[in-house]
2 protein chains.
Amino acid sequence: MTEPKKPDAPAATGRANKHARDGKSNPTIYDIAKVAGVNPSTVSRALSKPGRVSAKTQKLIEDAAAELNYQVNPFARALPTGRTNTFGLIVADITNPTFFDIIRGAETTATLRDYTLVLAESAESAVTELTAARRLMATVDGLILASPRTDDDNIRALARDKPVVVINREVEGVPCVVPDVNKGIGEAVRSLAANGHTKVAFVAGPPQSWMSARRWEGVRAACEWSRLEAVRLDSTKPTVDGGRQVARDVRASGVTAVLTYNDLLAIGLMQELQAAGIVVPDQISIVGFDDIFGADFTTPPLTTVRSPLGECGSGAATLLLDLLHGMGEPAGTLRVETELVLRGSSGRLLPAG
Amino acid sequence: MTEPKKPDAPAATGRANKHARDGKSNPTIYDIAKVAGVNPSTVSRALSKPGRVSAKTQKLIEDAAAELNYQVNPFARALPTGRTNTFGLIVADITNPTFFDIIRGAETTATLRDYTLVLAESAESAVTELTAARRLMATVDGLILASPRTDDDNIRALARDKPVVVINREVEGVPCVVPDVNKGIGEAVRSLAANGHTKVAFVAGPPQSWMSARRWEGVRAACEWSRLEAVRLDSTKPTVDGGRQVARDVRASGVTAVLTYNDLLAIGLMQELQAAGIVVPDQISIVGFDDIFGADFTTPPLTTVRSPLGECGSGAATLLLDLLHGMGEPAGTLRVETELVLRGSSGRLLPAG
DNA sequence: CAATAAATGGCAACCGGTTGACAAATGGGG
DNA sequence: CCCCATTTGTCAACCGGTTGCCATTTATTG
């Protein structure tokens with residue numbers, strides 16, 4: 001006796017009332033189909049597969065869609081296809097201006113190519129980063145990791161799942177965007193040498209930072225080439241505060257010029273030295289890295305080795321999007337140039353007054 | 001010989017092979033159901049409706065889920081429910097540091113409450129903003145607009161669709177988070193008056209900016225109260241560059257103190273004045289707004305009326321999330337305090353040398 | 001003009017979780 | 001021991017596009 005009640009009256013509506021619009025929710029392809037007098041699947045094709053339907057039908061459908069003010073439901077699309085037109089960007093610290101331009105570069109490229117950017121922060125922690133990455137993975141088509149703290153293996157594991165692009169670090173087998181530090185560092189060190197400096201310090205960044213290691217290598221090599229003595233100092237954290245803290249060590253080291261892992265350290269260091277009555281650049285030259293927002297706010301404005309951060313962001317996004325659109329498997333490293341931005345914080349050493 | 005053709009032997013599998021796992025894609029509730037020996041809908045209930053199933057079944061299902069390393073498919077969930085555990089944040093300009101802290105505040109709160117933040121930029125354009133807002137609306141549960149350029153009606157229209165919270169502007173009928181400028185402005189103007197200034201200028205921001213209008217009102221009122229003369233100058237854009245450009249007008253106006261719509265204008269203005277040989281604050285005092293990152297990098301460091309931007313971001317997110325979780329319809333305005341941060345760029349006027 | 005190839009539109013089965021309606025099991029009271 | 005009120009689990013119909021397959025229509029060509 002299963003007689004299931006017969007929910008729909010047989011004669012009343014030709015089509016089942018399955019996709020009846022009550023005027024409340026958004027229009028669907030079924031509504032368009034009804035208006036245009038075609039099958040829903042034809043609507044779907046017209047809207048997503050250019051050239052699959054005749055120009056006539058196409059127009060019919062587009063008009064109906066425009067009339068109803070139709071917008072695709074991204075979830076309904078994502079469910080069967082897995083495509084979301086979305087990608088994630090994970091940065092170590094949202095308030096670190098280094099990432100501002102990266103974010104903007106990525107966002108601009110995303111919007112330009114009709115993608116949406118999802119942003120997450122790892123708070124400089126490897127585990128938070130991995131958690132965030134895993135969480136995002138479920139909802140995006142691909143992922144950009146900016147200065148990741150996670151180890152190479154985990155990054156490769158993520159990359160096996162969906163396309164991943166890394167900024168500011170090289171990971172074997174994963175496409176990367178990396179500023180080539182050597183040119184900028186070479187210019188910086190030669191400039192210091194030309195101004196009579198003979199001993200320079202490099203203030204390093206976080207120990208896990210791949211980029212910090214590269215910069216120190218670059219500085220050491222360039223100094224060797226220019227016959228300068230180079231010493232390496234450690235910082236507690238790559239921030240303005242960290243820069244202030246390292247000032248003691250800098251003074252103790254007896255150098256006349258300092259390169260720091262990033263601009264924040266340079267700014268903090270300069271503030272602390274000036275507070276101690278040391279004149280920059282007359283008594284000590286300071287050179288930062290990245291040319292972040294605000295690097296020219298200081299007095300004297302900061303000399304720095306510029307990384308084209310916006311370019312890194314948009315380059316990474318482009319790489320990722322190309323990857324998503326089937327452009328094979330480049331997996332190479334995109335290298336962008338660095339250059340010295342000579343401002344007031346570096347220069348000739350004045351004879352001690 | 002296990003007969004590799006015959007995809008489904010009639011007797012072998014009780015259920016149809018509809019939700020058979022091929023080991024490639026992610027596990028679904030159907031897999032869990034099979035492992036736990038219950039119906040898929042029971043799994044769904046166990047995982048989303050606490051208390052709906054018996055503790056015994058609950059445990060069974062949770063174990064199976066853990067074993068299979070199950071993660072819900074957000075799209076499959078979003079499709080029938082409309083819930084996405086995601087909200088959008090639209091800012092006028094990603095590289096404007098004013099928004100950094102707002103973004104961070106919102107992001108932190110989002111993550112804390114298990115939401116994902118989607119970021120979009122309007123490039124200071126009302127139409128881009130509306131486009132971005134409409135686009136995001138489809139994929140998020142709610143929206144935060146930071147310093148929107150769109151007009152009130154459009155914002156209310158958005159708010160009819162899904163919960164919307166506005167930062168840095170008041171829109172009737174829409175919940176807002178607004179720094180109350182009067183306290184900070186009062187402190188600033190009194191400080192200027194106490195230092196002997198008699199005529200001050202306010203450099204305004206974008207004409208559509210609600211906040212710029214409030215600040216000018218506040219400045220005018222405070223000046224009146226302190227019996228100072230106040231003049232209003234216009235800027236071309238609310239950036240460092242805009243600040244440089246307005247320097248001419250500032251000098252021509254004959255004031256001895258300037259408040260600017262934001263810190264970027266103040267910084268640009270100060271740079272330009274200093275480049276012209278004017279000493280800050282001896283010859284002119286400068287006061288910014290917001291206390292953005294880098295406001296203390298300048299020499300002299302910038303005096304500014306601080307808005308608790310991080311608090312705005314997290315406050316807006318909290319408001320939105322509460323709204324989403326059914327806490328009625330507060331729709332009120334959350335006011336946060338501003339305060340004067342006295343640094344070196346303002347002070348006593350020195351007699352002209 | 002018939003035969004064949006290509007373009008086009010329709011049908012229906014998905015994607016994976018949610019939820020209303022209902023049946024079965026469980027428990028409590030008389 | 002039976003009846004009724006609750007809990008717990010099951011069924012099946014969604015949500016809204018996508019896409020393989022097939023039937024038709026239209027264009028091409030001998």
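First the proteins, then the strands, lettered A, B, ... as listed; each starts at 1. Every value quoted in this text rests on a predicted model; they were computed, and no experiment measured them.
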Quick one: is [N] close enough that its OP1 or OP2 comes under 4.0 Å of any side-chain N or O from [X]?
X: B:Thr42; N: D:dT10; answer: yes
X: A:Lys49; N: D:dT18; answer: no
X: A:Ser48; N: D:dT18; answer: yes
X: A:Ser44; N: D:dT18; answer: yes

Tell me: [atom1] of [X] to [atom2] of [N], nearest whole Å?
X: A:Leu47; N: C:dT8; atom1: CG; atom2: P; result: 17 Å
X: A:Asn39; N: C:dG9; atom1: CG; atom2: C1'; result: 7 Å
X: B:Ile32; N: C:dG17; atom1: CD1; atom2: C1'; result: 11 Å

Is any side-chain heavy atom of [X] closer than 4.5 Å to a side-chain heavy atom of [Y]?
X: B:Thr57; Y: B:Val38; answer: yes
X: A:Leu321; Y: A:Leu319; answer: no
X: A:Glu129; Y: A:Glu121; answer: no
X: B:Thr116; Y: B:Phe87; answer: no
X: B:Ile61; Y: B:Ile32; answer: yes

I need the residues from residues 72-87 of chain A with at least one non-hydrogen atom less than 4.0 Å from DNA chain C; give them sorted by number, or say none. A:Leu79, A:Pro80

So, with a heavy-atom separation below 4.0 Å from DNA chain C, the residues of residues 53-66 of chain A are A:Val53, A:Ser54, A:Thr57

Please give the angle, rounded to 10 degrees, between the axes at the start and the end of the helix from C:dC1-D:dG30 to C:dG30-D:dC1, where five pairs define each axis. 40°

Would you state whether a donor and an acceptor, one from the side chain of [X] and one from the base of [N], lie under 3.5 Å apart?
X: A:Arg45; N: C:dG10; value: yes
X: A:Tyr30; N: D:dG17; value: yes
X: A:Arg52; N: D:dG20; value: no

Not counting sequence neighbours, which residues clear side chain to side chain donor-acceptor pair (under 3.5 Å) with A:Glu62? List them please. A:Gln58

List the atom pairs, donor and acceptor, that lie under 3.5 Å between side-chain atoms in residues 72-81 of chain B and the rest of the protein, sequence neighbours left out.
unit_1: B:Asn73; atom_1: OD1; unit_2: B:Phe75; atom_2: N; d: 2.8
unit_1: B:Asn73; atom_1: OD1; unit_2: B:Ala76; atom_2: N; d: 3.2
unit_1: B:Thr81; atom_1: OG1; unit_2: B:Arg77; atom_2: O; d: 2.6
unit_1: B:Thr81; atom_1: OG1; unit_2: B:Arg83; atom_2: N; d: 3.1

Show me the pairs that pass salt bridge (charged side-chain N to carboxylate O under 4.0 Å, His left out) and involve residues 50-61 of chain A, at least two apart or across chains. A:Lys59-A:Asp63

Charged N to carboxylate O under 4.0 angstrom, A:Arg156 versus A:Asp153? yes

Is the shortest distance from a Lys or Arg side-chain nitrogen in A:Asp322 or A:Arg113 to a carboxylate oxygen in the other one below 4.0 Å? yes

Do the rings of A:Tyr115 and A:His325 sit parallel, tilted or perpendicular, given the 30° and 60° boundaries? perpendicular

